[in-house]
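Quick notes on the structure that follows.
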Amino acid sequence: MEEGRFLQWGVFRSLLAILQWWGFNVTVIIMNKWIFQKLDFKFPLSVSCVHFICSSIGAYLVIKVLKLKPLIAVDPEDRWKRIFPMSFVFCINIVLGNVSLRYIPVSFMQTIKSFTPATTVFLQWLVWRKYFDRRIWASLVPIVGGILLTSVTELSFNMFGFCAALFGCLATSTKTILAESLLHGYKFDSINTVYYMAPFATMILAVPALLLEGNGVMDWFHAHPAPWAALIIIFSSGVLAFCLNFSIFYVIHSTTAVTFNVAGNLKVAVAVLISWLIFRNPISGLNAVGCGITLLGCTFYGYVRHMLSQQTPGTPRTPRTPRKKMELLPLVNNVKLDDKV
């Protein structure tokens with residue numbers, strides 16, 4: 001009887017964690033698109049900077065004031081040698097995501113973002129010479145095919161936005177791969193990651209945002225009919241962006257890896273559907289098929305990765321024996337890092 005109640009509570013807790021993660025993630029994406037399109041605030045660097053500031057304050061409150069999470073101590077020297085390079089890539093990743101959202105629909109941007117597993121595997125193979133099982137390569141075929149079909153049939157295609165989203169995938173992959181080496185020995189959760197990286201990202205982005213967008217922001221403020229209400233929406237998106245990081249920590253600790261992978265791909269589908277209902281961007285039939293193929297490919301990739309990780313030590317994992325130590329590194333689980341702001 002007690003075991004049944006415990007199981008029911010576990011299922012309910014996992015479902016609640018997934019729903020609140022979906023809610024924060026989709027809300028942040030929709031709000032950012034609303035800021036760029038409806039509020040006519042076409043300044044992605046400034047929006048990213050607001051997010052970093054809100055995340056820095058939020059992480060400080062959670063760790064230092066409310067003490068909801070213990071602080072993971074980092075050596076001062078490591079903050080510059082390890083954290084700062086990661087923060088630089090982290091900053092580029094978020095900025096490119098907002099730039100792409102400025103120029104292309106949410107549906108297209110989210111589909112391209114699903115290309116991250118393929119770019120991660122390719123970079124590890126090309127740069128680090130890491131070996132992957134042939135089943136991993138096979139699982140990437142539907143992802144690549146779906147992205148190609150979606151890109152060719154996108155009715156609101158914009159080359160600048162497409163390139164920003166694609167380079168954003170590369171930045172996400174680079175950030176994930178660097179985390180293996182630069183953050184070795186530190187077991188960061190999402191809140192501690194933001195606590196250390198968001199202030200560095202703010203410092204990196206503040207000057208470029210001021211120089212490139214400062215005059216434009218002032219002109220927008222004087223020309224907008226309700227600037228203060230619009231600023232409340234912009235800063236609210238920053239607060240929700242931090243809440244998204246907290247929700248990621250909660251969902252990771254409440255679900256299994258397989259559930260997280262499937263829920264992450266369903267989240268993309270939910271974001272695409274809600275964004276279409278709000279913004280009504282045109283989507284062709286083939287475009288929807290391409291998006292579906294991509295999401296199914298991501299789910300299959302996660303399943304293959306999970307099955308390989310569950311093999312017993314005596315079971316052959318690859319068709320040959322790895323020749324280098326780098327080949328023995330675990331396959332990066334980048335899904336858990338993709339939504340961090």
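Note that the structure is predicted; figures quoted are calculated from it, not measured. Residue indices begin at 1 and follow the sequence shown.
Ring centroid separation for the pair F90 and F52 comes in under the 6.0 Å cut-off. Under the 6.0 Å cut-off for aromatic ring centres, F122 and W137 do not qualify, their centroids lying 6.0 Å or more apart. Note: W125 and F132 fail the aromatic proximity criterion, with ring centroids not under 6.0 Å apart.
A donor-acceptor contact shorter than 3.5 Å links the side chain of Y196 to the backbone of I72. In this structure, N192 contributes its side chain and P70 its backbone to a donor-acceptor pair below 3.5 Å.
The side-chain contact (heavy atoms from CB on, under 4.5 Å) with N32 is formed by just one residue from the set I234, L101, V106; it is L101.
Taking the six-membered ring where the residue is Trp, F108 and F157 present tilted rings, their angle falling between 30° and 60°. Between F84 and F200, the ring planes are perpendicular. Angles over 60° get that label, and only those under 30° would be called parallel.
Across all their heavy atoms, F115 and I147 have their closest contact at CD1-CG1, 3.8 Å. Across all their heavy atoms, M109 and G97 have their closest contact at CE-O, 3.7 Å.
Applying the side chain to side chain donor-acceptor pair (under 3.5 Å) rule to E213 yields the partners S46; only residues at least two apart in sequence or on another chain are considered.
Counting only heavy atoms from C-beta outward, the side chains of I104 and S156 never approach each other to under 4.5 Å.
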